[in-house]
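Below is one structure, written out as structure tokens; the observations come after it.
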Number of protein chains: 2
Amino acid sequence: MVIHTSDRESEEIRSLDLFSGLDDARFSLLMRGAYVQNFPPMIELITEGDTSDFLHVLVSGSVELFANWNGRETTMAVLQPTSTFILAATIRRARYLMSARTLEKSRIILVPSEDVGAVFDLDPDFSRAVVTELAQCYRANIMATKNLKLRSSLERLANHLLSARKLAGNLESFELGLEKRRLASNLGMTPENLSRAIRQLKPYGVAIDGSRVTIADPSDLEGLAKPTDLIDTPCALQASAPAG
Amino acid sequence: MVIHTSDRESEEIRSLDLFSGLDDARFSLLMRGAYVQNFPPMIELITEGDTSDFLHVLVSGSVELFANWNGRETTMAVLQPTSTFILAATIRRARYLMSARTLEKSRIILVPSEDVGAVFDLDPDFSRAVVTELAQCYRANIMATKNLKLRSSLERLANHLLSARKLAGNLESFELGLEKRRLASNLGMTPENLSRAIRQLKPYGVAIDGSRVTIADPSDLEGLAKPTDLIDTPCALQASAPAG
DNA sequence: GAATTTCTTTGATTTGCATCAACATATCTG
DNA sequence: CAGATATGTTGATGCAAATCAAAGAAATTC
């Protein structure tokens, strides 16, 4: 890689589902043309409509995927390390359907699309890993669509909080992990309505102070949320859509 | 295949993006364990939550993908021949996220998941085709999410009609292709509201009589719909979500 | 640390959409 | 073909959620 990564970083990247099956030779082939870059917060990494040149890997920080139409904007997902994004556009060599921006100071690896294609053709294990990853992203997005079409905004919020709690190790209290206005957009609602929805969840034992969430009795909230693993995944922060 | 297909059918299946790159030997390997079946209308082929055993190929008729939660139901896509479905679940050997039912009398090929996996491992061309297909499905679904989150129901209807018109070869008049209540569900609205929305489009030169749609001047409607190829695909009938 | 900006909350109002109810039309069935 | 059933339309009403407006709380900036 053009700029060296730390051992811990390399290890983390290699341990991603997408790369863990690669032998060292193929992995370095993939990483040889790649370069790491540090970005400040609120930098637009990708603009929807542009054509895809790189597979992105988020190493640290956080990244928002969003989309615009006719003057409106919506959050599609908020990514945490370590995850890849824009895999589908890379594979199809197609235009990006989403834009991406850093939310915090972030460290990102850019792998040239040609290299991904080359290793894909060379290495059956890698091609299987790509398919598995894509299928996973596809399924996560189907879940997001079901979430939007079958649930009210209050139900979406309730389920999001339960997923986030699980992700945080089932602690009674945990951090929200993103600004409320982005959470609102992610859940398909306005910030004003999110604020009111949070109040509505008070009778279910939910208290949110700043970015700190406390759920007194999850089973109480589950009565409202009715989570199911056909909609709700433990990999929760991308409440509305995942990262292909 | 257990039940023989006609030459025209075989040809159509082979010409699918997913299979067109396979040599004859691999294709027959894939089809050896497969069987064709004819179903009457309104037969539930797949139930969400069940585990995936077969890749499905719709040869004739039409199939609705739908999902349920908490007593509610929504249409996720309506498929026309010739298309594959449930590819993502097949690849992951995971539980179906959607149910499927025939809408008309339909002819469907069922390819055992093991065989798909075997040929995938054997044939790099096939594995590339699977990835391309999956990436396409993923992207179509991202578009569906953007459609839902960024547009009002009237705008979704307007865009659907323009896409359907394009699919029908840009004729002034074409068939809707599915019941209005299903179209409504696909677009994320109620039948009552669809009915009213159609009336609202009258000033834009849209007339729908039964299942026959007439659009006097598409550019007029486009002024409202503002279609973009970052949301709207010509492969239109799955207005809300595609077929992985 | 004061000033500025951004984010969040609260209340009042409007709008979009769902629901309910009734009727009309189309489709199925014996 | 008649009766039954399902689908589609229309109007009245209610509710969920967006918008508008303003104030309070955080986070930034100088």
Side-chain angles (χ1 to χ4, degrees), chain A residues 40-43 62 64 69-75 78 101-105 147-158 160 175-202 206-213 224 240, chain B residues 40-43 64 66 69-75 78 101-105 147-158 160 175-202 206-213 224 240:
Chain A
M42 296 307 284
I43 295 296
S62 67
E64 175 185 26
W69 179 77
N70 197 27
R72 299 166 209 169
E73 177 172 322
T74 191
T75 299
V78 175
R101 68 165 73 95
T102 56
L103 293 179
E104 315 164 50
K105 196 163 159 304
N147 195 35
L148 276 172
K149 291 187 79 176
L150 290 167
R151 287 174 173 162
S152 71
S153 60
L154 190 68
E155 289 164 342
R156 290 197 295 274
L157 172 61
H160 174 81
E175 288 297 314
L176 208 49
L178 76 172
E179 285 172 307
K180 283 181 186 163
R181 65 200 203 85
R182 285 182 220 284
L183 175 60
S185 180
N186 201 350
L187 293 174
M189 60 204 292
T190 57
E192 293 96 325
N193 247 326
L194 173 60
S195 207
R196 284 184 268 263
I198 289 170
R199 259 194 316 185
Q200 282 186 76
L201 290 182
K202 209 172 175 183
V206 175
I208 304 186
D209 178 46
S211 66
R212 183 129 215 104
V213 184
L224 171 73
S240 151
Chain B
M42 299 304 287
I43 294 297
E64 176 185 27
F66 62 101
W69 179 76
N70 197 26
R72 297 165 212 170
E73 177 173 321
T74 191
T75 300
V78 175
R101 67 165 74 94
T102 56
L103 292 179
E104 315 163 51
K105 199 164 157 304
N147 195 35
L148 275 172
K149 290 186 80 176
L150 290 168
R151 288 174 173 162
S152 70
S153 60
L154 189 68
E155 289 164 341
R156 291 197 295 274
L157 173 61
H160 174 82
E175 289 296 315
L176 209 49
L178 75 172
E179 286 172 307
K180 284 181 185 161
R181 66 200 201 88
R182 283 181 222 285
L183 175 60
S185 180
N186 201 351
L187 293 173
M189 60 203 292
T190 58
E192 293 96 323
N193 248 326
L194 173 60
S195 207
R196 284 184 270 263
I198 289 171
R199 261 195 313 186
Q200 279 182 265
L201 290 183
K202 211 172 175 182
V206 175
I208 303 186
D209 178 45
S211 67
R212 184 130 215 105
V213 184
L224 171 74
S240 148

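Lettering of chains follows the sequences in order, A, B, ..., and the numbering in each one begins at 1.
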query: Residues two or more places apart in sequence or in another chain: which of them pass side-chain contact (heavy atoms from CB on, under 4.5 Å) with B/Glu73?
result: B/Phe66, B/Asn68, B/Arg101
field: Qualifying residues under side-chain contact (heavy atoms from CB on, under 4.5 Å), relative to B/Asp209, sequence neighbours excluded
entry: none
query: Could you state the CD1-P distance from A/Ile208 to D/dA25, rounded to the nearest angstrom?
result: 18 Å
Bend angle of the helix from C/dG1-D/dC30 to C/dG30-D/dC1, from helix axes over five pairs at each end, nearest 10°: 50°
field: Heavy-atom protein contacts under 4.0 Å, nucleotides 13-21 of chain D, coded B base, S sugar-phosphate only, - none
entry: ----SBBB-
message: Nearest 0.5 Å, please: how far is CG in A/Asn186 from CG in A/Leu194?
response: 11.0 Å
- prompt: What pairs with B/Ser211 under side chain to side chain donor-acceptor pair (under 3.5 Å), at least two apart in sequence or on another chain?
  reply: B/Glu175
task: Specify the separation, in whole Å, of atom CG of A/Leu194 and atom C1' of C/dT10.
output: 14 Å
- prompt: Over how many whole Å does the gap from B/Leu176 atom CG to D/dT9 atom C1' extend?
  reply: 15 Å
- line: Separation of D/dA6 atom P from B/Glu179 atom CD, nearest Å, is 12 Å
Kindly give the atom pairs (protein nitrogen or oxygen, nucleotide nitrogen or oxygen) under 3.5 Å for nucleotides 24-30 of chain C.
none

field: Pairing residues for A/Thr102 by the side chain to side chain donor-acceptor pair (under 3.5 Å) criterion, not counting sequence neighbours
entry: none
message: Measure CG/B/Leu187 against P/C/dC17 and give the value in whole Å, please.
response: 12 Å
- request: Go through the structure and list residues passing salt bridge (Lys or Arg N to Asp or Glu O under 4.0 Å) with B/Arg199, not counting sequence neighbours.
  value: none
query: D/dA25 P sits how many Å from A/Asp209 CG, rounded?
result: 12 Å
query: Can you list every pair that meets salt bridge (Lys or Arg N to Asp or Glu O under 4.0 Å) and has a residue in residues 182-198 of chain A, with sequence neighbours left out?
result: A/Glu64-A/Arg182, A/Glu179-A/Arg182
- line: Sorted by chain and residue number, the side chain to side chain donor-acceptor pair (under 3.5 Å) partners of A/Ser153 (sequence neighbours excluded) come out as none
field: Nearest-Å distance for atom pair CG/P, residues B/Leu148 and C/dG16
entry: 18 Å
query: Tell me: CG of B/Leu183 to P of D/dT9, nearest whole Å?
result: 11 Å
- prompt: Does the side chain of A/Arg182 get closer than 4.0 angstrom to OP1 or OP2 of C/dT8 through an N or O atom?
  reply: no
- request: Under the side chain to side chain donor-acceptor pair (under 3.5 Å) rule, collect the residues that match up with B/Thr190, sequence neighbours excluded.
  value: none
message: Suppose we screen for side-chain contact (heavy atoms from CB on, under 4.5 Å). Which residues come up paired with B/Ser195, at least two apart in sequence or across chains?
response: none
- request: Side-chain contact test, heavy atoms from C-beta onward, threshold under 4.5 Å: evaluate it for B/Lys180 versus B/Ile208 and give yes or no.
  value: yes
